[in-house]
Peer 1: 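Dropping a structure here in structure tokens format, bear with me for questions.
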Amino acid sequence: MALDPSQGYPETSRKYASFAGNLEQQSFQFIKDLDAAMRSSYATNIVNIGQSIYPLLYVESTFDGGRYTLLTDKNTRYVHQNVGQIYDVMKAISHIPLGIFSIISGYEKDPKQGPWVPALQTYRAYIVSVQNTKSNISGLGREENILTDRMLASSLDFIDAVTTSVNFTYDEFAAYARGIGNEIFYCQKKAAKNQVDVMKGVLEGWKEMMGEDEWGKLYVIVGAVWTLTQENAHELIIKSLMNEDVRETHVVVSEAVPDLETAQALMGRIVGDRVMAELVFDWKANPAFAQDIYSLSTRRDLLSQAVEAVLKGRTPEQPSGGSAIGCPHLRS
């Protein structure tokens with residue numbers, strides 16, 4: 001029912017208009033404003049720093065073996081993508097058990113109703129297409145063909161068995177997958193050799209073009225999902241061509257770099273923090289500050305040691321004088 005204006009309206013609380021709060025709340029807002037102002041300036045600064053870092057190598061972990069973008073200055077970049085057919089063949093065929101598992105896994109408790117069957121039959125058609133045409137692909141030797149043929153045939157046998165019976169167990173899947181385990185391992189080694197040979201060759205060409213001095217200044221940022229961030233293949237390839245003294249400080253592997261601009265901003269933050277840390281923390285006057293410089297040079301949180309101390313029920317203490325040892329970014 002519509003309100004009758006002659007009856008007036010319910011009283012509205014005045015607190016909504018008093019959003020600034022009391023004296024303490026207003027005072028605390030100045031604190032938040034101060035930090036917000038810092039963050040705004042910081043965000044602009046790290047972008048600008050990142051766009052001045054050269055040479056810079058940005059690596060994307062693509063499905064075809066990687067995409068490398070080398071920036072030697074503001075106006076010059078070199079790009080290489082793909083490592084070749086052998087890598088793609090070995091990887092795609094080795095992933096067949098993963099493809100099958102991804103289709104059937106959710107139905108293991110009760111597969112009899114068979115909603116997974118049509119999807120698995122569709123996937124089977126892809127395997128058959130590869131089986132019928134793989135001989136047209138150049139670069140596959142006799143051993144590669146024999147082993148991959150065995151993997152394709154074994155996968156089709158498993159699919160035919162489970163779709164005919166409209167039933168499967170994890171143990172049956174494991175028996176099939178483990179039955180081609182040696183072949184998968186062979187494909188891994190073959191794909192890795194192809195990736196290393198191609199991408200290392202590209203990097204060696206760029207290194208020769210740039211010269212030792214410029215190459216020694218190279219910063220690298222590798223984009224990868226979390227499961228590929230430790231001992232990343234690209235990280236290992238690149239570090240094998242870098243001087244030992246910069247391998248740990250100049251190579252970064254991160255999930256949060258979906259494009260070049262984001263990668264440059266992250267590198268700007270890392271390098272900018274390092275410059276600031278050396279200006280702020282005088283580790284020669286107080287060796288305890290070495291830990292702060294180290295934290296702003298690596299993935300370690302600046303407050304990690306203090307947090308650990310608190311969690312252990314004690315007051316955080318300054319590290320001993322020996323704490324300077326081991327910091328990868330300190331200059332004597």
Peer 1: Regarding Gln29 and Asp33, do their side chains bring together a donor and an acceptor under 3.5 Å, going by distance alone?
Peer 2: yes

Peer 1: Who else is in the cluster with Val79 when I, L, V, M, F, W and Y are joined by side-chain contacts under 4.5 Å?
Peer 2: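 Answer for Val79: none, a lone residue.
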
Peer 1: Between Asn243 and Val246, is there a donor-acceptor pair closer than 3.5 Å when you use the side chain of the first and the backbone of the second?
Peer 2: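 A pair under 3.5 Å: no.
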
Peer 1: Using a 4.5 Å cut-off on heavy atoms from C-beta on, say whether the side chain of Glu183 contacts that of Ser154.
Peer 2: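 Not touching, per the 4.5 Å side-chain cut-off.
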
Peer 1: Looking at Arg39 and Asp35, is any side-chain nitrogen of the basic one under 4.0 Å from a carboxylate oxygen of the acidic one?
Peer 2: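 So Asp35 pairs with Arg39 through a salt bridge.
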
Peer 1: Where is the tightest heavy-atom contact between Gln264 and Leu56, given as atom of each residue plus distance?
Peer 2: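 Closest approach of Gln264 to Leu56, heavy atoms only: CG-CD2, 3.7 Å.
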
Peer 1: Enumerate the residue pairs fulfilling ring-ring contact (aromatic ring centres under 6.0 Å, His included) with a member in residues 41-68, sequence neighbours excluded, ordered by first and then second residue.
Peer 2: Tyr68-His234

Peer 1: Taking the side chain from Ser240 and the backbone from Ile237, do they hold a donor-acceptor pair closer than 3.5 Å?
Peer 2: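 Judged by distance alone, yes, a pair lies under 3.5 Å.
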
Peer 1: Will you find, in the side chains of Asn145 and Lys134, an N or O donor that is under 3.5 Å from an N or O acceptor?
Peer 2: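 Result is yes, a qualifying pair exists.
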
Peer 1: Less than 4.5 Å apart, side chain to side chain, heavy atoms only: is that true for Thr148 and Met90?
Peer 2: yes

Peer 1: Hey, does Ile221 have a side-chain heavy atom less than 4.5 Å from the side chain of Val59?
Peer 2: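 With C-beta onward as the side chain, the pair stays apart.
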
Peer 1: Is the shortest heavy-atom distance from the side chain of Tyr219 to the side chain of Val252 under 4.5 Å?
Peer 2: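 Side-chain contact under 4.5 Å: no.
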
Peer 1: Is there a side-chain contact between Ile238 and Leu57 in this structure, where contact means two heavy atoms from C-beta onward sitting under 4.5 Å apart?
Peer 2: yes

Peer 1: Residues two or more places apart in sequence or in another chain: which of them pass salt bridge (charged side-chain N to carboxylate O under 4.0 Å, His left out) with Arg67?
Peer 2: Glu60

Peer 1: Show me the donor-acceptor pairs, under 3.5 Å and distance only, between side chains in residues 119-128 and residues at least two apart or in other chains.
Peer 2:
| residue | atom | partner | partner atom | Å |
| --- | --- | --- | --- | --- |
| Thr122 | OG1 | Pro118 | O | 3.1 |
| Arg124 | NE | Asp160 | OD1 | 2.6 |
| Arg124 | NH2 | Asp160 | OD1 | 3.4 |
| Arg124 | NH2 | Asp160 | OD2 | 3.3 |

Peer 1: Using a 6.0 Å cut-off, check whether atom CD of Glu244 has over 12 heavy atoms from anything other than its own residue.
Peer 2: no

Peer 1: Are Asp64 and Gln81 close enough that a side-chain donor and a side-chain acceptor fall under 3.5 Å?
Peer 2: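 Their side chains do contain a donor-acceptor pair, which is all the 3.5 Å distance test asks for.
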
Peer 1: side-chain contact (heavy atoms from CB on, under 4.5 Å) with Glu172: which residues, sequence neighbours excluded?
Peer 2: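 With neighbours one apart ignored, the set is Phe158, Phe168, Thr169.
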
Peer 1: With sequence neighbours excluded, what pairs up with Ser105 under the side-chain contact (heavy atoms from CB on, under 4.5 Å) test?
Peer 2: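 Per chain and number, Ser105 pairs via side-chain contact (heavy atoms from CB on, under 4.5 Å) with Phe101, Tyr170.
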
Peer 1: Going by atom type alone, with no hydrogens or angles, which donor-acceptor pairs under 3.5 Å involve a side-chain atom of residues 195-207 and a protein atom two or more places apart or on another chain?
Peer 2:
| residue | atom | partner | partner atom | Å |
| --- | --- | --- | --- | --- |
| Gln195 | NE2 | Gly65 | O | 3.1 |
| Asp197 | OD2 | Lys193 | NZ | 2.7 |
| Lys207 | NZ | Leu241 | O | 3.3 |

Peer 1: Got a sec, which residues hit salt bridge (charged side-chain N to carboxylate O under 4.0 Å, His left out) with Lys239, two or more places apart in sequence or on another chain?
Peer 2: Glu235, Glu248

Peer 1: Which residue pairs pass the salt bridge (charged side-chain N to carboxylate O under 4.0 Å, His left out) test with at least one member in residues 79-100, sequence neighbours excluded?
Peer 2: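 Sorted result for residues 79-100: empty, none.
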
Peer 1: Using a 4.5 Å cut-off between side-chain heavy atoms of Ile, Leu, Val, Met, Phe, Trp and Tyr, which other residues end up in the same hydrophobic cluster as Phe28?
Peer 2: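 Besides Phe28, the hydrophobic cluster comprises Ile31, listed by chain and residue number.
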
Peer 1: Short question: side chain of Asn167, backbone of Lys112 - any donor-acceptor pair under 3.5 Å?
Peer 2: no

Peer 1: Among Ile, Leu, Val, Met, Phe, Trp and Tyr joined by side-chain contacts under 4.5 Å, find the other residues sharing a cluster with Leu228 and list them by chain and number.
Peer 2: Val225

Peer 1: Counting C-beta onward and ignoring hydrogens, is there a side-chain heavy-atom pair between Asp273 and Arg269 closer than 4.5 Å?
Peer 2: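 Result yes, sub-4.5 Å side-chain heavy-atom pair found.
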
Peer 1: Yes or no on side chain to side chain contact (heavy atoms under 4.5 Å, CB included) for Ile104 and Glu108, after CA distance, side-chain angles and deciding distance?
Peer 2: CA-CA 7 Å; Ile104 69 174; Glu108 195 268 345; over 6 Å; no

Peer 1: Between Thr133 and Asn136, do the side chains contain a donor N or O and an acceptor N or O under 3.5 Å apart?
Peer 2: no

Peer 1: Scan for side chain to side chain donor-acceptor pair (under 3.5 Å) pairs involving residues 251-262, sequence neighbours excluded, and state none if there are none.
Peer 2: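 Side chain to side chain donor-acceptor pair (under 3.5 Å) check on residues 251-262 returns Asp259-Thr262.
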
